[in-house]
Amino acid sequence: MATQMAVNSGIHLNILYYQHTSYFSTSPLSKEDTMTLIGHLETVTAEADGSLDSVNLALVMALLYCLDVSFLEQGTEDREDLLQALPLLTEKQYVAAVHSRLVEGQAWKLPGLQAGVQLAWALSLRAVSQLPQGAGITPFIAQAIVNFKINFTLDLDHLMILIGEFYSKDPFELELALEFWCPSESLQHTSLTGSFLGVPLQRPPHKQVVLSKFVRQMGDLLPATLYIPYLRMLKGLANGHQCSHYCFSLLKTNGAPHGENRQAVVSGSVVSWEHFFHSLMLYHENLRRDVPSADSMQYRHPPIRGITQRELEGLTAFLQLLTTIITWSENARLALCEHPQWTPVVVMLGLLQCSVQPVLKAQVLHALAAFGKSPEIAASLWQSLEYTQILQTVKVPGQRQAAGIEVELNEIESSCEEYPLTRAFCHLISTLVESALPVNLGAGLRAPGFQPYLDFLRDSVFLAFPTRAYRRPAEKWELAEAVLEVFHKLLREYEPQPADFLQEMVELQGEQMPAHKPPGHSLMFHLLNDSPTLSLCLSLLEEGARQLDTYAPFPGKKQLESAVLHCLCLLELALQKEVTFMDLLRESQTSLLVSPVEQLLQGVSAQSRRADHITNIARYLYHSSSNPDAAFQSAKILRRIARYPNIQARLVGDFTHDQVVSEKLMAGFVECLDSEEAQEGVAADDSDPEKRVARIHHETKIHILNLLITSLELKGPNLGLYLLGYEVKKPVSSTNLQDPGVLGCPRSCLHAILSLLQRGSEWRTGPVLTKQAPQLAELFYQVIYQLCACPDTSGPTMRYLRTSQDFLFSHLQHLPFILPGMLLILRYILNYCTSMWERLTAPEDCFSKLQRENLAIIESYGTALMEVVCRDACDGHEIGRMLALAVLDRVLSIDRQCQWLMYLCNSGYLRVLVESLRQDDAALQTLLTPQPPLLKPLYIYESKMALLTRVAKTAQGATELLRCGLVGQLVECQVFHMLPQNEALRVFGQRDPSGFIPSPLERYRQILLPTLRLMQVILTSTTTQHQQGAAQVLQWLIVHSDVIQSILHGQDMSMGALQELSLLTAIISKTALPGALEMGQEINSAALMELQGHIGRFQRQSLSLLVRLVGTDRARYLKQIEETVSPGDLAEKREEMEVAMQQICANIMEYCQTLLLQSSAEAQFSLCLFSPSASEPADVAVPSARVPSLGLVLLLLKNSATDFFRYHDSHRQSLNKLERVEQLPPEELKELCQGLVSGSGGVEKVPSVQRNVLAKRRLVQLVNNRAKLLALCSYTIETCLFVIWRHLEFYLLYCTPTDPKDSLLPGFRGQPFGLFCMRDSFIAFCVDPSGSRGLSVSRVSQQDLEQLQTDVANSFNEPLQRKLLEVEGLYSKTRSRHTFIQALTRRIRGLVHHAKG
């Protein structure tokens, strides 16, 4: 016994060595080893499912390698050496001994295995016999032929089955079976065939001709005993797009002519479509005569007659062949379905109604599912299913017994403990719901919809599958996988709609019945409740994790993994859609009760009696190498759950409750981050399994990193701290980070992150990850930044990075590679150093002295330093360019003598910077894709625009920029036309979930806003050459007028949108003026009209914007801020919003004032922008197609006066507090510091001295902010008064009224938006749809003017006038326009109270 074991061990070692080494470099086994191996294989038996275990399979492959002589055909250089090492030729008695054992020896326990080895031996003998050394082998070949003839039928049976099984699986879609198809001239395929792909189809190789002849001739001379094996072989050879086409054509040409009577005896081949479908129709016609009525309990005791076991096997083989062909070939699918005589779908549906075995019905359903892959066939299949009532969805009046597949499942399949029919039905429904799902399914017979099918699948199949008995254990998980696949597809395609939550009724046979909801709605309802469906899904997840943790094979393992994956997908989809679902449910006010999924996942498991559902989901991360899809879905679920702060602390407790579970969960997260298979930038192409797995591993990493980033933003303890190795049961700051294994420290996610970032950092090229996976690297750096920036984790993190990893030095030395994430870390470090410097700096005069000294040092280097910095700013490396641009910006700000500016202009570097904007355009356009590449072009662009803006702040610099053609370069940039139009991107506050990469809309604003600021500064600086600058900027506005119009009309009132509007209205007020038409250049009439049209459009859009900002929208915008901004930032954000809105109103009123002044110096020839109505409507937000009334300006005047006093009081209070900061109560100090302190602990952790400094800084912010608002309100009041005075002077003094029936106001409300000005007794320029360019002054009636005078008198009353005069007394006294408000108030009062003469 011991000797035998030793021998076997030696053989195993040889085999394993041979198995892992090419036979080109290693000799095959000797005769003795080969005989011993054959002796072992004679006794091998199969597993329960008919397969070989992994060890015996390796041994079989080793024997086949020993017999393999295919190198003889390859003609390699070492062919002779290999021949000399071949025991088959070199060892005496090798052939005789092996031949005797294989051909004449005893029968093996697995005849199929013996036949396969004999075939390999015959092929080897045939190949060697062609050699000079193989002359003695011929007798053995002759003997093999004799034996082959004796066992011809049995061996050919095995051979056909072997070929069919071998080619039936083609995971890489290589279509190796094309070797068996040699198309004739009539069947030439458009693509290339055979394994000789890449060579145009000419004469097929001899091997291909022989194999193709074998397939055809076997079908022509087929004995009955080989009929089923031949069909099984064809099934394997039809596996593939081209193979299925050739097999379909073969069966088509084998048949009888179509003109023959189908009732006649089929004269063609028995292997043809004609014979198959003719036989199928005969079976159907015979069997349907025996179909009993619905009351005879046909499903309880089906009289299966007319089909023998052999016929059943033949029909099954044909249906499997049919299913394979039409699965791969859509042309075959449509051709067969549309055949007028065969009608396969009708016949197969008829067979389903007959009393036949469930196995045959299952194959019929699989074939129907293959037909249903075409949407046009699927739609009719749905109606046919309803008509045939395969699943009874309509109760027949008077029917006493149930019928259909439900009875088959409960009484026949359950008693047999086999469920092929139910699994096939699930497969059919899965295919049909993916191809087409009609909303009116069953209309006219019942309430239309999918609900009866869903009820059956849920109640009878899914909820009952754990309690059923199974003869074959794997079928339990096969059934679960099949039904869960349907649920997954239904929920994936469902999007909640408001109509889903209304109880609609349908009329059926004169009665009103409730309509069915979409199937996705029903699934969502069950997943958002503690329902049996959700409980079973969670139980499946627990069972799957338990089974996978054993790492042992078991029947149905693959199907269990697939079922678990569907459960995870269902939970992830429910989490994804629950917010919309619950919002719509709440709005509909229905009585349905639901709970969020994340809340239900915290419930107690019925199996473990613990709240471990989320822990079970996280356990799948540990199996990411073997089940990457499950790990991916697990990471997505955990990331969605991590958004909720109230769950974080509980999750940490659940994850750390058990030490073993905690270590395993930590290892799972780390394994996902450490995965070597992950690749960034792989296209979403699932046809390549390796690329697909690489993409899934990468996306899993992304989700885990986003989970960490989201968690670290929340209060501890949180998942991020736990997974990164920080203390969660003690103060976080007490953490002592160590390398893995030191002091029992496990490998954490932080170790994995640092390990990946450190790869290549010691090389000259820098960290490898920044080049191979820049997106991943950015997220890694962001995690480290958050750890460095948080007060609790900063100390342990910085200490560990400095002492153990030397992280900062090793990465900072490779600055050119730096990504935005690393820049965040740098920014944190620099901010820290800056704050330390601020504590040491002296008062302002000392700072000014320091500036002068620094400038003197810089100037001492002369033009050499200027040359270096300017050159780096133009053509240096990315980081070098950014630093050089920042240096230039800072030096220009302190260089009062403008020496650097003169050098920049005279040396041509400024022109180079300006002209480089066109080159930046292409890179900037790539930043507006949903998933942009690196953001480096954006940072360089921002630095460049900041420098150009600094240059434009002087008149000399602005003039030089215009001379260099700056605006012309910006006109040519196409990136400004790429305003994101997707509504999902325009929602206020939407951004990347990680909070790191801005949304496309925010990135667009980062490009647009610097340009608008630059043009505004140019317009302000070029006072002497304003006309030239305004004309160029106006040209930019006209070229991008579509974008400008979208921004001015947009409903988004976020801070970014208000900044855009503030800058745009400031630019428009200085450029879109009538003076732009008088530039002294020759302009033809067509161009002049186009220019007038653009200017008029800008004017109308600006006034329309004023309408939105003055009325009720203003309060709504401020309320929107309160709802979307975090409480800590609310006050500061609200202040910024108020400044921006006041600035926009001031810009537009300045625009109106400029238009009035430029139109005419005298009131009788003045432009009129507002209609003669002073009443204040309930909602001033009138449509933009109507002219705003003068009442709008009056309302803005009142609001501005009220706001002025509110800001004035706040300004005075802030000044008082600033003077006595040390005496402020602690609560008030805490409130002031709140917005300036972040992190856990907040203000409580700030020392009292530092708290006073922060409070003083906040008060200075408030004082400066209120000063801006006071200036804006005062200016708006002055311009409003001026506009009101000019309009009243025209309407009440110079406008001639006419008959009341021609009143302007009723007619005006129907006119399009326009501007009014005096042109030869007309109020122009109002263009109505009829094409009229004028509106007669006579249309203003006396009644209109009297009403105007009355309304103004009521609105412009004494309290308002006193308020205005008080504004002037409080604010305008020290300004140059003192008494301006007083004069205008007096004139308006005079116009209102004295009737016109």
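Hydrogens, waters and symmetry mates are skipped; everything else that's a heavy atom, side chains included, is used.
Taking the six-membered ring for Trp and the full ring otherwise, F487 and F462 have centroids separated by under 6.0 Å. Note: H516 and F450 fail the aromatic proximity criterion, with ring centroids not under 6.0 Å apart. A centroid separation of less than 6.0 Å is found between the aromatic rings of F501 and H521. Taking the centre of each ring, Y470 and Y419 come in below the 6.0 Å mark.
Atoms CE and CD, from M582 and E587 in turn, are 12.5 Å apart once rounded to the nearest 0.5 Å. Interatomic distance, OG of S588 versus CG of D500, reported as 10.0 Å (0.5 Å rounding). Atom CD of E481 and atom CD of E478 lie 7.5 Å apart (nearest 0.5 Å). The CG atom of L490 sits 9.5 Å away from atom CD1 of I429, with the distance rounded to the nearest 0.5 Å. Here the CG-CD distance, from L421 to E413, works out to 5.0 Å after rounding to the nearest 0.5 Å. Rounding to the nearest 0.5 Å gives a distance of 10.5 Å between NE2 of H488 and OG of S430.
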Between Q392 and E406, is a side chain to side chain contact (heavy atoms under 4.5 Å, CB included) present by the stated rule, with each step listed? CA-CA 8 Å; Q392 188 174 18; E406 188 170 1; over 6 Å; no
Start with the C-alpha distance between L428 and I390, add both sets of side-chain angles, then the distance that settles side chain to side chain contact (heavy atoms under 4.5 Å, CB included), and finish with yes or no. CA-CA 12 Å; L428 172 63; I390 303 301; over 6 Å; no
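In this structure the side chain of S244 never reaches within 4.5 angstrom of the side chain of T324, judged on heavy atoms. In this structure, T422 and F465 have side chains that are not in contact, with every pair of non-hydrogen atoms separated by 4.5 Å or more. Between K361 and L351 there is no side-chain heavy-atom pair separated by less than 4.5 Å. Between Q547 and L560, some side-chain heavy-atom pair lies under the 4.5 Å cut-off. Within the 4.5 Å cutoff, the side chain of R458 has heavy atoms near those of the H526 side chain.
Here the shortest heavy-atom pairing between L457 and C426 reads CD2-SG, 3.8 Å. Heavy-atom minimum distance, L491 versus G520: CD1-O, 3.9 Å. What you find for I637 and L568 is that their closest heavy atoms are CD1-O, 3.4 Å. The two residues L527 and L570 make their nearest non-hydrogen contact at CD1-O, 3.9 Å. In terms of heavy-atom proximity, A631 sits nearest to T700 at O-CG2, 4.1 Å. The heavy-atom pair separating P452 from L391 by the smallest distance is O-CD2, 3.9 Å.
Atom CD of Q512 has more than 12 heavy atoms from other residues, nucleotides or ligands within 6.0 Å. Few gaps surround NZ on K664; more than 12 heavy atoms of other groups in view lie less than 6.0 Å from it. Taking a 6.0 Å sphere around CD of Q383, one finds it holds more than 12 heavy atoms contributed by other residues, nucleotides or ligands. Within 6.0 Å of atom CG in L592, more than 12 heavy atoms from other residues, nucleotides or ligands are found, so the atom counts as buried in its surroundings. Other residues, nucleotides and ligands contribute over 12 non-hydrogen atoms within 6.0 Å of the CZ atom of F554.
Contact check on R546 versus D549 returns no salt bridge, with no Lys/Arg side-chain nitrogen under 4.0 Å from an Asp/Glu carboxylate oxygen. Using a 4.0 Å cut-off between a side-chain N of Lys or Arg and a carboxylate O of Asp or Glu, E475 and R423 qualify as a salt bridge. Taking the charged nitrogens against the carboxylate oxygens, E493 and K489 have no contact shorter than 4.0 Å, which rules out a salt bridge. Between R472 and E418 no salt bridge is recorded (no basic side-chain N to carboxylate O distance below 4.0 Å). Salt bridge R619/D612: absent, no basic N to carboxylate O contact under 4.0 Å. A salt bridge does not link R643 to E598: none of the charged nitrogens lies less than 4.0 Å from a carboxylate oxygen.
Looking only at atom types and distance, the side chain of T388 has no donor-acceptor partner in the side chain of Q353 under 3.5 Å away. If you check the side chains of D455 and Q451, you find a donor sitting under 3.5 Å from an acceptor. Remark: the T710 side chain and the R639 side chain contain no N/O donor-acceptor pair separated by less than 3.5 Å. Judged by distance alone, the side chains of E542 and S605 do bring a donor and an acceptor atom under 3.5 Å apart.
Shown here are the side chain to side chain contact (heavy atoms under 4.5 Å, CB included) partners of R609, two or more places apart in sequence or in another chain: there are none. Shown here are the side chain to side chain contact (heavy atoms under 4.5 Å, CB included) partners of E386, two or more places apart in sequence or in another chain: Q389, T393, L441, R446, Y453.
Identified under the ring pair (Phe, Tyr, Trp, His ring centres under 6.0 Å) test for residues 608-628, with sequence neighbours left out: Y551-H623.
Remark: the backbone N or O of E417 is not paired with any side-chain donor or acceptor of R471 at under 3.5 angstrom.
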